[in-house]
There are 4 protein chains.
Amino acid sequence: MRADARRNRERLLAAAEEVFAELGTEASTEEVARRAGVGIGTVFRHFPTKEQLLEAVLVARVAELADRAEQLTAAADPGRAFFALLDAVVAQARSRQTLSEALAAAGVDATAAAAPAKARLRAAAEQLLRAAQQAGAVRPDVGGDELMALMVGIARTAEQTAHDPELQARVSRLLVDGLRPAQRGSGSAPASPR
Amino acid sequence: MRADARRNRERLLAAAEEVFAELGTEASTEEVARRAGVGIGTVFRHFPTKEQLLEAVLVARVAELADRAEQLTAAADPGRAFFALLDAVVAQARSRQTLSEALAAAGVDATAAAAPAKARLRAAAEQLLRAAQQAGAVRPDVGGDELMALMVGIARTAEQTAHDPELQARVSRLLVDGLRPAQRGSGSAPASPR
Amino acid sequence: MRADARRNRERLLAAAEEVFAELGTEASTEEVARRAGVGIGTVFRHFPTKEQLLEAVLVARVAELADRAEQLTAAADPGRAFFALLDAVVAQARSRQTLSEALAAAGVDATAAAAPAKARLRAAAEQLLRAAQQAGAVRPDVGGDELMALMVGIARTAEQTAHDPELQARVSRLLVDGLRPAQRGSGSAPASPR
Amino acid sequence: MRADARRNRERLLAAAEEVFAELGTEASTEEVARRAGVGIGTVFRHFPTKEQLLEAVLVARVAELADRAEQLTAAADPGRAFFALLDAVVAQARSRQTLSEALAAAGVDATAAAAPAKARLRAAAEQLLRAAQQAGAVRPDVGGDELMALMVGIARTAEQTAHDPELQARVSRLLVDGLRPAQRGSGSAPASPR
DNA sequence: TATGAATGAGGCTTCATTCAT
DNA sequence: GATGAATGAAGCCTCATTCAT
């Protein structure tokens with residue numbers, strides 16, 4: 001019985017992530033139930049409130065990012081590792097506001113439920129940041145607060161340009177380049193067309 | 001009676017801007033009416049649809065920015081002028097997503113109503129951009145598309161940090177610095193990968 | 001000034017008849033104003049209530065029919081005259097429920113305003129009926145009440161078949177034939193197709 | 001729980017029939033809910049649109065009549081059977097336009113939902129008609145189209161006189177008599193002109 | 001007197017949440 | 001535990017009517 005419940009919970013989370021990404025956070029709870037193949041009652045048994053369901057999705061997203069950040073912590077090249085984290089942010093920003101809302105929640109409005117994931121992400125991200133700064137790959141005048149806010153900004157912008165991957169890549173690079181110390185090469189950037 | 005109607009229209013627009021900034025775009029039309037001190041019928045007389053009301057607010061915001069951009073066009077220092085536009089974007093990002101949505105609308109989803117304001121903003125912004133690039137104040141590998149997308153990103157990020165002006169300023173500087181050419185400081189940063 | 005007012009009243013009545021016939025009695029008062037080329041305020045100055053406007057239209061319709069009935073009163077052949085009235089009913093049933101509602105109002109729900117027109121119609125119709133009965137053109141076992149109810153029925157049915165004039169004619173004849181004494185010829189009726 | 005739902009559906013249908021008959025088809029959905037003793041949400045769960053609710057009522061009415069017509073198909077006396085169907089039409093015409101609208105829908109505007117019931121009614125009614133015509137009880141120059149239109153006319157007229165059963169009976173007889181062949185009584189009536 | 005802007009009650013519909021089965 | 005029917009608050013919008021100009 002526990003197994004069933006857990007599987008339902010996971011199916012619900014997956015469905016919710018999909019639905020909210022596709023239709024926005026205003027998508028109905030019924031739609032999530034439908035997509036998960038369960039009754040509406042089951043949704044509310046697992047997540048007594050739509051807000052809690054949303055929260056769970058956001059936490060899962062932040063947790064994925066935190067996982068990635070922690071992995072990168074062990075990487076050889078600190079500069080590469082740090083920017084890889086930012087790449088992960090862009091990569092996650094597939095559609096709609098799900099991720100940016102998740103990060104926003106993690107950054108500012110953090111609810112109790114999001115706190116642990118947020119803390120992990122922040123800790124790992126700061127570690128990556130400091131290492132990259134010591135390696136001279138990132139401007140020294142940047143702190144954890146800026147980094148978190150910037151991640152939200154990157155996510156939001158990436159979502160904004162999700163429809164045009166090329167544009168997304170160019171814009172993301174611009175945003176990220178603000179973090180580099182001077183003398184960064186602009187050579188590999190293609191000339192802006194048009 | 002034209003006078004009354006116009007005054008009401010303006011009161012409505014102001015109230016709507018306030019309400020949507022404060023409560024998000026899902027705020028109810030009735031709340032706007034209440035805040036404007038008019039009956040709900042009056043809202044719908046001026047804006048037959050909630051969508052049209054929202055649109056009007058967004059258009060007004062974009063138009064303000066377009067005005068500012070056009071002003072700056074006449075400024076002496078192209079670099080300063082360009083970055084002043086980005087400052088204006090940050091300054092307008094009061095709270096919630098109102099502005100970023102406005103810019104997003106201007107950039108991508110532009111409805112017919114927003115088209116003229118969008119076009120003005122884009123034209124003036126591109127003019128500022130080219131001038132700043134010729135003056136060597138901005139990286140040459142940036143085009144209009146990136147600029148518009150970046151403005152959305154800046155707005156979104158600025159909204160995110162609206163609660164903390166200091167942080168907002170620091171983050172905005174980071175974002176904006178990505179646009180500057182490489183002469184900033186010194187360092188051994190690797191060329192922007194990929 | 002009186003002339004203006006009267007002309008407006010007439011324009012309004014004509015517009016109302018048109019609008020209600022076209023869109024049904026649920027058409028908005030604004031639509032009537034628009035079609036009449038006057039402001040909404042003017043409608044309500046002339047007809048303080050939508051109901052009163054509707055009533056005026058209905059009264060006008062009944063009055064037309066009463067006029068026709070009174071004309072026919074002077075005709076030579078009583079049988080022809082009587083059935084000509086019923087033809088007039090069919091002919092008026094152009095579209096929507098306007099006429100049948102008018103007649104219904106005249107027959108049953110008659111408001112005070114409709115009373116005079118109703119009385120005229122009923123008086124003339126009964127006169128035609130009696131004359132036709134004396135001439136042997138109509139069954140003797142029919143009275144004024146039946147006649148009025150029948151006229152409503154004919155109108156309603158005619159409206160129902162307004163889209164197909166041939167069908168309308170055939171069905172109307174069936175209904176009307178119920179009033180004739182026996183031995184009526186069915187020779188001139190085309191065989192029902194299909 | 002299926003049982004509950006079905007019971008509610010039936011209660012709703014009954015309430016809707018009652019309400020629309022009493023107050024006309026413009027009666028509010030909330031009134032139906034109130035009369036059925038359920039919440040407004042329940043109405044919309046069963047009938048996602050007011051139009052669909054209305055449609056369901058009309059279909060039920062037409063279906064009743066179709067049932068009756070099919071029963072009569074097995075009767076011994078074809079003439080009696082046919083006129084019994086018309087009696088059923090009169091009997092169903094309780095008040096307001098509900099039935100006539102139902103028949104009208106069945107005759108002309110038939111929506112997809114009403115199609116099957118309409119087809120059944122029409123098939124059985126035509127069978128009754130043909131049998132009655134072969135038995136010499138009904139004029140031969142009448143077809144299915146006229147019959148359907150006439151049924152609407154009978155219903156409309158009957159509704160009109162619902163307040164006075166005696167009058168209703170007399171008028172209905174008149175209407176129905178139009179269908180009988182010429183052997184009714186005696187008289188010197190002119191052949192139906194035109 | 002004509003105009004049309006303002007009003008707000010009321011209608012349809014959606015959706016988070018509860019609860020009987 | 002799961003289901004899905006029931007609930008009703010709340011949202012958008014329409015329209016008859018009033019009233020300032």
Side-chain angles (χ1 to χ4, degrees), chain A residues 1-5 8-9 26-34 36-54, chain B residues 1-9 12 26-33 36-53, chain C residues 1-2 4-5 8 26-34 36-54, chain D residues 1-9 12 26-33 36-53:
Chain A
M1 274 289 136
R2 254 300 146 43
D4 272 42
N8 268 345
R9 206 194 128 90
E26 295 166 59
S28 80
T29 313
E30 295 250 11
E31 177 63 30
V32 173
R34 208 172 306 133
V38 304
I40 181 67
T42 303
V43 182
F44 279 85
R45 164 165 288 274
H46 285 280
F47 305 93
T49 272
K50 185 186 181 180
E51 207 179 345
Q52 285 175 55
L53 171 58
L54 216 43
Chain B
M1 195 123 239
R2 256 302 144 44
D4 275 41
R6 194 163 10 190
R7 204 178 53 222
N8 266 341
R9 204 192 131 91
L12 273 169
E26 296 164 55
S28 82
T29 313
E30 313 246 357
E31 178 61 29
V32 174
V38 304
I40 182 67
T42 302
V43 184
F44 281 89
R45 163 169 281 271
H46 286 280
F47 306 95
T49 275
K50 187 188 177 177
E51 205 179 345
Q52 285 177 55
L53 172 57
Chain C
M1 276 288 136
R2 257 299 145 44
D4 272 41
N8 266 346
E26 296 166 57
S28 81
T29 312
E30 294 250 9
E31 177 63 30
V32 173
R34 208 173 304 132
V38 305
I40 181 69
T42 303
V43 182
F44 278 86
R45 164 166 290 274
H46 285 281
F47 306 94
T49 272
K50 185 187 180 178
E51 208 179 345
Q52 285 175 54
L53 171 58
L54 216 44
Chain D
M1 194 126 238
R2 256 301 145 45
D4 275 41
R6 194 164 13 192
R7 206 179 52 222
N8 266 340
R9 206 194 129 91
L12 273 170
E26 297 164 54
S28 83
T29 311
E30 311 244 358
E31 177 63 28
V32 174
V38 304
I40 182 64
T42 302
V43 182
F44 280 88
R45 162 169 280 270
H46 286 280
F47 305 96
T49 275
K50 186 189 178 178
E51 205 178 347
Q52 284 176 56
L53 173 57

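Below, chain A is the first sequence line, B the second, and so on; all start at residue 1. Just so it is clear, the values below take in all heavy atoms, side chains as well, and ignore hydrogens, waters and symmetry mates.
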Measure from [atom1] on [X] to [atom2] on [N] and round the result to the nearest Å.
| X | N | atom1 | atom2 | result |
| --- | --- | --- | --- | --- |
| A/Phe47 | E/dA16 | CZ | C1' | 16 Å |
| B/Arg6 | F/dT21 | CZ | P | 15 Å |
| D/Leu12 | F/dA5 | CG | P | 13 Å |
| B/Arg7 | E/dA6 | CZ | C1' | 12 Å |
| B/Glu31 | F/dC12 | CD | P | 11 Å |
| C/Asp4 | E/dA2 | CG | P | 7 Å |
| D/Glu51 | E/dG11 | CD | P | 18 Å |
| D/Leu53 | E/dC12 | CG | P | 10 Å |

Closest to side chain of A/Arg45, choosing from E/dA16, F/dA16, F/dA2
F/dA2

Output the single nucleotide from E/dT17, F/dG4, E/dC12 whose closest atom is nearest the side chain of D/Glu30.
E/dC12

Per side-chain contact (heavy atoms from CB on, under 4.5 Å), A/His46 is matched among A/Asn8, A/Leu53, A/Val38 by A/Asn8

Supply the atom-to-atom distance A/Lys50 NZ to A/Glu26 CD, rounded to the nearest 0.5 angstrom.
7.5 Å

Provide the Watson-Crick or G-U wobble partner of F/dA5, both distances under 3.5 Å; none if there is no partner.
E/dT18

Here's a test of your reading of the structure: between B/Ile40 and A/Gly41, which maps to the more 5' nucleotide of DNA chain F?
A/Gly41

Quick check: on DNA chain E, is the nucleotide nearest A/Pro48 upstream (toward 5') of the one nearest D/Glu26, or the reverse? Name the residue that is more 5'.
D/Glu26

For D/Phe44 and for A/Ala27, locate the closest nucleotide of DNA chain E by heavy-atom distance; then report the residue assigned to the nucleotide nearer the 5' terminus.
D/Phe44

Distance check: side-chain N/O of [X] vs OP1/OP2 of [N], anything under 4.0 Å?
| X | N | result |
| --- | --- | --- |
| C/Thr29 | F/dA16 | yes |
| C/Asn8 | E/dA2 | yes |
| C/His46 | E/dT1 | no |

Between [X] and [Y], which heavy-atom pair has the shortest distance, and what is it?
| X | Y | value |
| --- | --- | --- |
| D/Gln52 | D/Phe47 | O-CD2, 4.0 Å |
| B/Val43 | B/Ala33 | CG2-CB, 3.5 Å |
| C/Thr29 | C/Phe44 | CG2-CE1, 3.5 Å |

At 4.0 Å (heavy atoms only), tell me whether B/Thr42 reaches a base, stays on the sugar-phosphate, or touches nothing.
base

